[in-house]
Amino acid sequence: MRPYVYLMAAVTVDGRIASRTGYSRLSCPHDLKRLHAMRANVDAVIIGANTAIVDNPRLTVRYVEGRNPVRVLIDGALRVPTTLRIFDNSAPTIIYTSRRAPLEKIEELRGRGVEVVIIGEEKIDPGDVLRDLYRRNMKKVLLEGGGRTNWEFLNRCLVDELIVTITPYVFGNGVSLIEGEGYPNTEETPFVLELVSVKLCECGREIVLTYRLRCKNKFTQNI
Ligand SMILES: NC(=O)C1=CN([C@@H]2O[C@H](COP(=O)(O)OP(=O)(O)OC[C@H]3O[C@@H](n4cnc5c(N)ncnc54)[C@H](O)[C@@H]3O)[C@@H](O)[C@H]2O)C=CC1
Ligand SMILES: Nc1nc(O)c(N)c(N[C@@H]2O[C@H](COP(=O)(O)O)[C@@H](O)[C@H]2O)n1
């Protein structure tokens with residue numbers, strides 16, 4: 001068993017979530033409210049190491065009323081600095097890392113109340129992460145990027161709903177919503193996307209697309 005997985009992001013018209021310099025503040029105030037309402041609705045928010053390093057996010061609920069989700073970081077090499085805001089104790093934080101992680105860093109973080117879970121030899125299987133979160137009674141989680149982490153989950157059919165806000169910008173380069181090895185055509189994807197809704201954002205210049213993902217039978221993960 002695993003939690004239901006939402007993937008939420010703001011993209012430019014050319015599908016980038018960040019520019020080549022790492023700039024990613026694409027959401028307007030209403031879109032941020034939507035993001036924070038989603039955070040308040042889920043049990044955990046998951047990010048990858050680059051997002052943690054580049055954005056130094058809080059991952060708390062601030063623009064709506066609601067409780068903070070558990071913050072989950074996936075960092076195979078445990079290369080994030082220990083000074084990040086997600087280690088500030090304003091909400092629980094769990095790190096999933098591998099046996100490659102430096103022991104001193106693990107000890108330091110554990111000493112500061114961060115839960116460090118060693119899972120895997122090098123690469124972390126996102127299915128293992130979801131199974132572990134489910135065992136901790138987490139039934140709904142939000143994947144908040146970045147592109148590489150999105151690919152790791154999506155490529156294994158581990159995303160149930162995709163909520164993407166298209167914002168009125170173009171970067172021409174940078175980080176894509178999904179950053180992976182890619183698919184050669186529209187047939188060879190492990191999933192299909194079913195359109196659920198198209199909404200104009202309250203700010204007036206953005207479009208919010210919601211898709212449900214259906215995993216093609218032969219790719220269904222047995223978790
Ligand atoms: N506009 C938006 O909505 C958002 C934009 N961003 C932007 O995305 C950018 C970062 O994206 P990316 O560079 O693609 O990196 P990322 O944030 O997806 O992190 C990738 C890293 O996470 C770790 N990781 C992820 N999955 C792993 C696994 N299965 N096993 C082991 N380690 C794993 C690895 O260290 C990997 O290099 C940032 O600039 C950030 O600002 C991030 C979230 C939302
Ligand atoms: N939905 C969305 N829209 C954007 O424009 C974004 N830049 C992001 N980024 C995500 O939000 C995190 C920042 O969170 P805090 O404000 O620090 O709580 C960032 O790290 C990305 O995960 N998302």
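When a ligand or atom number is given, it counts from 1 through the structure's own listing order. Bear in mind the structure is a predicted one, so any value in this text is a computation, not a measurement.
Numbered from 1 in the order shown, with element, the atoms of ligand 2 that lie under 4.0 Å from a heavy atom of E144 read 10 (C), 11 (O), 12 (C), 21 (C), 22 (O).
To the nearest 0.5 Å, atom CD of residue E122 and atom OG1 of residue T97 are 11.0 Å apart. We find the CD-CG distance between E115 and L73 to be 13.0 Å, quoted to the nearest 0.5 Å.
Remark: minimum distance from atom 16 (O) of ligand 2 to any protein heavy atom is reached at R62 NH2, 2.8 Å. Among protein heavy atoms, the minimum distance from atom 3 (N) of ligand 2 is reached at S27 OG, 2.6 Å. In terms of protein heavy-atom proximity, atom 20 (O) of ligand 2 is closest to D55 OD2, 2.9 Å. Remark: minimum distance from atom 13 (C) of ligand 2 to any protein heavy atom is reached at P57 CB, 3.6 Å. Atom 23 (N) of ligand 2 has as its closest protein heavy atom L35 CD2, 3.8 Å.
The number of heavy atoms from other shown groups lying within 6.0 Å of CZ (R67) is above 12. Atom CZ of R25 is surrounded by 12 or fewer heavy atoms from other residues, nucleotides or ligands within 6.0 Å. Applying the 6.0 Å contact sphere to NZ of K33 captures no more than 12 heavy atoms from other residues, nucleotides or ligands.
Considering backbone and side-chain N/O atoms, L26 comes within less than 3.5 Å of an N/O atom of ligand 2. By the 3.5 Å distance cut-off applied to N or O atoms, L59 is counted among the residues near ligand 2. Checking only distances, S24 does come within under 3.5 Å of ligand 2, N or O to N or O. Not one N or O of T51 is nearer than 3.5 Å to an N or O of ligand 2, by distance alone. When only interatomic distances are considered, the shortest N/O to N/O separation between R58 and ligand 2 falls below 3.5 Å.
Ring pair W151/Y183 is tilted by interplanar angle, where 30° to 60° counts as tilted.
For the pair R110 (side chain) and V116 (backbone), a donor-acceptor distance under 3.5 Å is present. Using a distance-only test at 3.5 Å, with no hydrogens or angles considered, a donor-acceptor pair links the side chain of T167 to the main chain of V11.
Near ligand 1, A9, A10, I17, A18, G22, S24, L26, G48, A49, N50, T51, V54, D55, I74, G76, R79, K123, I124, E144, G145, G146, G147, R148, T149, E152, V175 each place a heavy atom less than 4.0 angstrom from the ligand.
Here R85 has no heavy atoms under 4.0 Å from ligand 2, in either its backbone or its side chain. With a 4.0 Å cut-off on non-hydrogen atoms, R39 touches ligand 2 through its side chain and not its backbone.
Protein heavy atoms all stay at least 4.0 Å away from atom 8 (C) of ligand 2.
Salt bridge present: D88 and R71 bring a charged side-chain N and a carboxylate O closer than 4.0 Å. By the 4.0 Å N-to-carboxylate-O rule, E179 lies too far from R148 to be salt-bridged with it.
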With a cut-off of 3.5 Å and sequence neighbours excluded, list every side-chain donor-acceptor pair involving residues 190-202.
from, atom 1, to, atom 2, distance (Å)
E194, OE2, R214, NE, 2.7
E202, OE1, R34, NH1, 3.2

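In summary, the side chains of Y96 and D128 do not present any donor paired with an acceptor at a separation below 3.5 Å, with no hydrogens or angles considered.
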